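Right, one structure below, let's go through it.
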Protein chains: 2
Amino acid sequence: MKRQGGKKPATLRMVAESAGVDVSTVSRVLNGPPDEVSRAASRETVKAIREWAARLDYRPNPHAKSLRTARSNLIGVLVPRLSDVVLATIYEGIEDAAARHGLATFVMNSHDRPEKQRARTDLALSRRVDGLVLGDAHSDAQLVDEIAARNVPFVLVSRHAGDHPSVTCDDYLGGKLVAEHFLELGHEQVGVIAGEPFASTGIDRTAGFVDRYREAGIDVPVVHSAFDTAGGHRAAEKLLQQGARPTAMFAVNDFAAIGAMGAVRDAGLRPGEDVAVAGFNDIPLAAELPLPLTSVRSPMHEMGKRALEVLVAILGGQEPRSERLAPKLVVRASTRP
Amino acid sequence: MKRQGGKKPATLRMVAESAGVDVSTVSRVLNGPPDEVSRAASRETVKAIREWAARLDYRPNPHAKSLRTARSNLIGVLVPRLSDVVLATIYEGIEDAAARHGLATFVMNSHDRPEKQRARTDLALSRRVDGLVLGDAHSDAQLVDEIAARNVPFVLVSRHAGDHPSVTCDDYLGGKLVAEHFLELGHEQVGVIAGEPFASTGIDRTAGFVDRYREAGIDVPVVHSAFDTAGGHRAAEKLLQQGARPTAMFAVNDFAAIGAMGAVRDAGLRPGEDVAVAGFNDIPLAAELPLPLTSVRSPMHEMGKRALEVLVAILGGQEPRSERLAPKLVVRASTRP
DNA sequence: CGACGCTACCCAAACGTTTGGGGCAATCGT
DNA sequence: ACGATTGCCCCAAACGTTTGGGTAGCGTCG
């Protein structure tokens, strides 16, 4: 019982035989640049070849092509977790742009664990990707340095590390915007839920916030946490138990912010009234929460797209240029008195 | 200025020359089944070959392999949107299982739009995938039938259609569980936010709920909606404006449920007290909401995993067998008086 | 009228595997 | 002692492309 009853896909040779020319001619006509096609065959022959190719539904075999050209047109993408909507959205941007460049991508989760990161890059490399987009760089840049040492073209996205090419949001500025907003509202007791200590996103957002408050002569307590609701919840609990109870909290991630609101409520306080809460990324959910969340919008889709384009530039031999995209504060009820 | 300074990856031939044997021998030793390796070379030769392979860091070239064997070890995955956490989680399950089977996957978004679905499957096919996992089947089964007609091995996940092989949650049962819960709480005026009319998930969940209520002699109004917060919001507004205001609402999707709670609040009512709300899928966020959401837990990760495994079985020539996984009701504050 | 340059092709090698079919000792069965 | 078997290995073709290098025929030019 054979599976695959359909006829095998057409090859260059079949087209060549049908059209009565050599496969090399067909190859040049079908897949060559315009000037090559005109040099390879006469107008009529070109037409005939194209017609036969269409009739036979010819599609170039990517494996043969890759084998011959040593180029896979494949891009490996590494993210901490695809089920994190932030990363998923960035990936959508990458995928869109890749499709536009005739590239295919494949994603892998690293869960921010070094051994997984290493294993997954290895896997990508053994699949012979042309390049990598890394969304899970750690700020110590250790792994990234290793990869760079292997001479694999790559670009970082969302997080930066060392001075490797990256496309990120201006996280420092984002943190600063929140600080300014809080200061305008008159908050003097504030706290930061800073996320994982190895992610440049959390680090920069925190730094921007803290620096701005320091300018105002105020010291800010900082608590690290996981980038999810549970992490935010715990971190907020800690902040609330500290000496001077904060009247406003900045979580470097929307999920952490949601967890923080939960903690505030659990402490018998009203989020948004007793304690203002702001997040980061402005995921679609933020606006739809029972208490709509103030957040810093980061251009996630755009970031993915730009990252892929920077990678394409690198693959094209250009000098890598990092990019930092502008964030935008979106004020909602969670920080409105 | 050459990019790629690193040495080219080792080939079978290099290993063969180093070990002083023929490439065919190396091939059998390195990539053949155990009985073949023992027939191909002596203990010592095997050892020598393995050592050289390791020393040279040999990795088989997947393109050459695929070209020769006409098998790509690639699986294409189609989902409506990867930035939907439900699909992303299912995909994680697929990916995990695929990795365990030595397969690579690549995902694409179809946005539930037929022309995109067609384009994406075409793309996958021209990449010569061995099979497809479809997470975006429409209940009219039109596209799926087309794909089946092309004799491409595939499996549906999350949604079923026609009698094509699929791995789904027992959505009908899930809907029924919610209905029973609502009945126990004494709700007689209820409404369903049913999601998109083309998705078997929404259809079945709704049917299970409605049927159970009908058994109790109660007719239930049903409103369709998008599978997101905005859709849930609008649908809930409609339900609230109807003659007899419902005291409980069942949304076939957690995001829609969150939107519904928003609508309830906007109508000046208290979600969970004036109007109970239940969702479906039990995404991690559900438990962490300010008002924790009652939801039906569907085994998303497991579903992905099983789907991939069914596909592997099909590829292995076995008779396809659909699977329906059990849901579980998780009661939280949003439906507790 | 021979050299030259086009145009429109074809030839063949190469990319790195897998795999069916040998071959040639050494060993075994009788 | 002789043929058959086994253990260990090599040869070569094939998968579907791309690409550097022909070359046959024809028109042009000095």
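Chain identifiers are assigned alphabetically (A, B, ...) following the order of the sequence lines, protein sequences preceding nucleic acid strands; residue numbering begins at 1 within each chain. All figures in this text were calculated on a predicted structure; none of them were measured in a lab.
- Note on B:R128: every side-chain N or O is 4.0 Å or more away from OP1 and OP2 of D:dG16.
- When the ring-ring contact (aromatic ring centres under 6.0 Å, His included) test is applied to B:Y91, no partner is found at least two apart in sequence or on another chain.
- Residue A:R71 is classed as having no contact, given no heavy-atom separation below 4.0 Å to the nucleic acid.
- Near-neighbour residues of DNA chain C inside residues 27-51 of chain A, defined by a heavy atom below 4.0 Å, number-ordered: A:R28, A:R39, A:A40, A:A41, A:S42, A:T45.
- Applying the side chain to side chain contact (heavy atoms under 4.5 Å, CB included) criterion to B:K47, with sequence neighbours excluded, gives B:E51.
- A:R13 has a side-chain polar atom (N or O) that falls below the 4.0 Å cut-off from OP1 or OP2 of D:dC15.
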Polar pairs (N or O, both sides) under 3.5 Å between protein and nucleotides 23-28 of chain C?
none

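- Contact between B:I94 and B:L308 at its shortest, heavy atoms only, is O-CG, 3.7 Å.
- Contacts classified as salt bridge (charged side-chain N to carboxylate O under 4.0 Å, His left out) and involving residues 90-110 of chain A (residues at least two apart or in different chains) are given here: A:E92-B:R81, A:E95-B:R120.
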Return all side-chain donor-acceptor pairs below 3.5 angstrom for residues 30-40 of chain A, not counting sequence neighbours, or 'none' if the list is empty.
from, atom 1, to, atom 2, distance (Å)
A:D35, OD2, A:R39, NH2, 3.3
A:S38, OG, A:D35, O, 2.9

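- A straight line from NE2 of B:H63 to P of C:dG16 spans 12 Å, rounded to a whole angstrom.
- Nucleotide D:dC15 holds its C1' atom 19 Å from the CZ atom of A:R59, rounded to whole Å.
- For the segment residues 18-26 of chain A, residues with any heavy atom less than 4.0 angstrom from an atom of DNA chain D are, sorted by number, A:S24.
- When the P atom of C:dT17 is taken as reference, atom CG of B:L12 falls 4 Å away, rounded to whole Å.
- Scored by the ring-ring contact (aromatic ring centres under 6.0 Å, His included) test, A:H301 finds no partners at all (sequence neighbours excluded).
- Put simply, CE on A:M14 is 11 Å from C1' on D:dC15, counting in whole angstrom units.
- Here salt bridge (charged side-chain N to carboxylate O under 4.0 Å, His left out) pairs that include residues 159-169 of chain A, with residues two or more places apart or in two chains, are A:D112-A:R159.
- The side chain to side chain contact (heavy atoms under 4.5 Å, CB included) search around B:S72 returns A:H63, B:S66, B:L74, B:D130, not counting sequence neighbours.
- Residues A:A64 and B:L67 come closest through the heavy atom pair CB-CD1, 3.8 Å.
- Atom NZ of B:K65 is separated from atom P of C:dT17 by 9 Å (rounded to the nearest Å).
- Every residue two or more places apart in sequence or in another chain that forms a side-chain hydrogen bond (donor to acceptor under 3.5 Å, both in side chains) with B:N73 is listed here: B:R71.
- Under the ring-ring contact (aromatic ring centres under 6.0 Å, His included) criterion, A:H138 pairs with A:F198, sequence neighbours left out.
- As rounded to whole Å, 12 Å separates atom P of C:dG16 from atom CG of B:L67.
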